[in-house]
Amino acid sequence: MNLWKLLMASTITLAASFAAANEDAKLSIEGLDIPVRVSVQSHTPEIDEVRSGWTFRKSETQDLQRDDFDNPAFVFVDQGIDLFDKIDGTAGKSCSSCHSDMNSFKGLRASMPRIANGQIETMEDLVNGCRTERMGAESWKWSSKNMTAVTALIGLESRGMPIKVKMDGDAAEFWEKGKDVYYARVGQLDMSCANCHEENYGNMIRADHLSQGQINGFPTYRLKNAKLNSIHARFKGCMKNIRATPYKEGGPEFRALELYLASRGNGLSVETPSVRN
Amino acid sequence: MRRIALAFFITIMTAASSFSEVVKPSEIVFEDGAVMESLTAQLGDPVNGRKIFMNRKQGNCLACHMNSEMLDQSFHGEVGPVLDGVADRWEKHELRGMLVNSKMMFEGTIMPAFYRDSGYSRNLKKFVGKTILSAQQVEDVLSYLLTLKEN
């Protein structure tokens with residue numbers, strides 16, 4: 001090895017140590033301890049431990065989520081509060097006309113998505129259901145600024161509570177379908193979600209440190225696009241990266257995938273709104 | 001006029017000959033995962049191959065493979081094996097086979113097939129019927145890989 005290579009090698013090692021996640025870090029927000037690692041469950045035997053995406057991030061990114069004052073997502077949560085109180089639609093009502101106490105949403109995020117009338121019901125459905133049926137207002141687009149602001153606000157009420165998504169009974173057929181989507185190879189790069197997030201979590205893929213692709217922190221603020229991102233928008237992004245035609249946001253495939261992924265995170269805590277790069 | 005006609009004729013002839021010298025993805029024959037014949041008549045260019053190896057929109061091999069010959073580049077992946085000395089471990093035709101379609105060598109691998117244009121599911125429209133790398137690019141990367149020797 002010549003001197004130049006030696007120098008380069010040491011800069012890379014340095015860069016790598018900066019880039020390395022503080023994988024053993026503990027998460028505590030506003031005095032609330034949030035478990036970021038739980039043991040494997042019977043339906044996820046292929047992994048060693050169920051881990052929050054937070055454990056894979058660099059310590060600077062981790063720190064942003066430790067303090068709500070530093071967490072950029074809270075700018076949007078504040079907008080969510082305004083939207084929640086804003087009268088909209090033909091009935092002359094706001095969300096808070098019916099939901100005067102945000103506390104009543106405690107635990108909701110932890111059990112979503114769920115089955116209602118034989119279909120998968122997501123947080124976005126609940127918001128749009130109130131808007132169109134009770135307020136006489138227009139529905140919001142799946143990943144719109146308004147939608148993610150309000151789903152973040154509602155999700156925050158469950159922060160720290162263990163995810164407990166139902167996967168048996170009437171959820172079983174949707175769970176199986178979501179599992180099929182998770183393991184299907186798609187796109188010109190011919191990869192499945194499992195190739196990266198089950199077989200390779202913990203490994204670097206170029207500059208990215210692969211996580212388990214958990215959804216317990218959504219909607220999530222990304223430094224990359226400086227806004228809140230919905231679960232389905234993230235699915236779409238990963239599919240495009242492997243040169244696959246994404247499914248539709250709010251469509252049956254992504255709903256099933258959301259249910260399946262949520263169940264893989266059962267036992268982890270709600271981290272909404274999380275911070276990622 | 002005659003000059004133009006002649007030039008036109010020559011262009012057609014060269015185009016035709018270069019076409020026939022490129023092996024199409026559907027014509028490739030694998031032998032235990034290896035591809036014996038070159039995909040093109042032209043020799044591979046290792047300098048260009050090195051660029052394709054690191055280019056995020058082309059081979060992007062560095063996304064998954066650490067390669068000490070390229071420490072001028074930051075962010076080497078950890079998904080696949082370190083490629084240092086890879087030419088000591090594999091024969092030329094085996095490496096070609098891996099580049100064309102690594103699944104013929106490593107069953108169920110995450111490594112993409114770089115010279116395959118069909119059999120994909122939900123491929124993005126703009127990549128339908130296309131290979132990730134051209135035949136010449138595969139030969140270029142191959143000739144670069146052959147330079148990765150340790151002994």
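For the numbers below, each heavy atom of this structure counts, side chains included, while hydrogens, waters and symmetry mates do not. Chain naming here is simple, since letters A, B, ... match the order of the sequence lines and numbering starts at 1 in each.
For A/N200, the part lying under 4.5 angstrom from a heavy atom of chain B is the side chain only. No part of A/I242 comes within reach of chain B, as not one of its non-hydrogen atoms sits under 4.5 angstrom from that chain. For chain A, the nearby part of B/R116 is the side chain; its heavy atoms alone come within less than 4.5 Å.
The minimum heavy-atom distance between B/L62 and A/R206, with the atom names listed, is CD2-NH2, 3.5 Å.
Within 6.0 Å of atom CG in A/L223, more than 12 heavy atoms from other residues, nucleotides or ligands are found, so the atom counts as buried in its surroundings. A 6.0 Å sphere centred on NZ of A/K145 holds no more than 12 heavy atoms belonging to other residues, nucleotides or ligands. Few gaps surround CD on A/E49; more than 12 heavy atoms of other groups in view lie less than 6.0 Å from it. Surrounding CD of B/E27 are more than 12 heavy atoms belonging to other residues, nucleotides or ligands, all under 6.0 Å away. Residue A/R234 places its CZ atom among 12 or fewer non-hydrogen atoms of other residues, nucleotides or ligands, all under 6.0 Å distant. The environment of CG in B/D32 is sparse: at most 12 heavy-atom neighbours from other residues, nucleotides or ligands sit within 6.0 Å.
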If you apply the rule side-chain contact (heavy atoms from CB on, under 4.5 Å), what do you find for B/Y120 with A/R243, and how did you get there?
CA-CA 10 Å; B/Y120 295 115; A/R243 302 187 173 180; over 6 Å; no

Could you go through the side-chain contact (heavy atoms from CB on, under 4.5 Å) check for A/T245 and B/K125 one step at a time?
CA-CA 7 Å; A/T245 310; B/K125 227 180 186 161; 5.9 Å; no

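At least one side-chain heavy atom of A/L189 sits under 4.5 Å from a side-chain heavy atom of B/I132. Residues A/D190 and B/K103 meet the side-chain proximity criterion, which asks for heavy atoms closer than 4.5 Å. Within the 4.5 Å cutoff, no side-chain heavy atoms of A/M204 are placed close to those of B/H76. A 4.5 Å side-chain heavy-atom check between B/I110 and A/M191 finds at least one atom pair inside the cut-off.
The closest donor-acceptor contact from the side chain of A/R185 to the backbone of B/G108 lies under 3.5 Å.
In this structure, B/F114 CZ and A/Q188 CD are separated by 9.5 Å, a value rounded to the nearest 0.5 Å.
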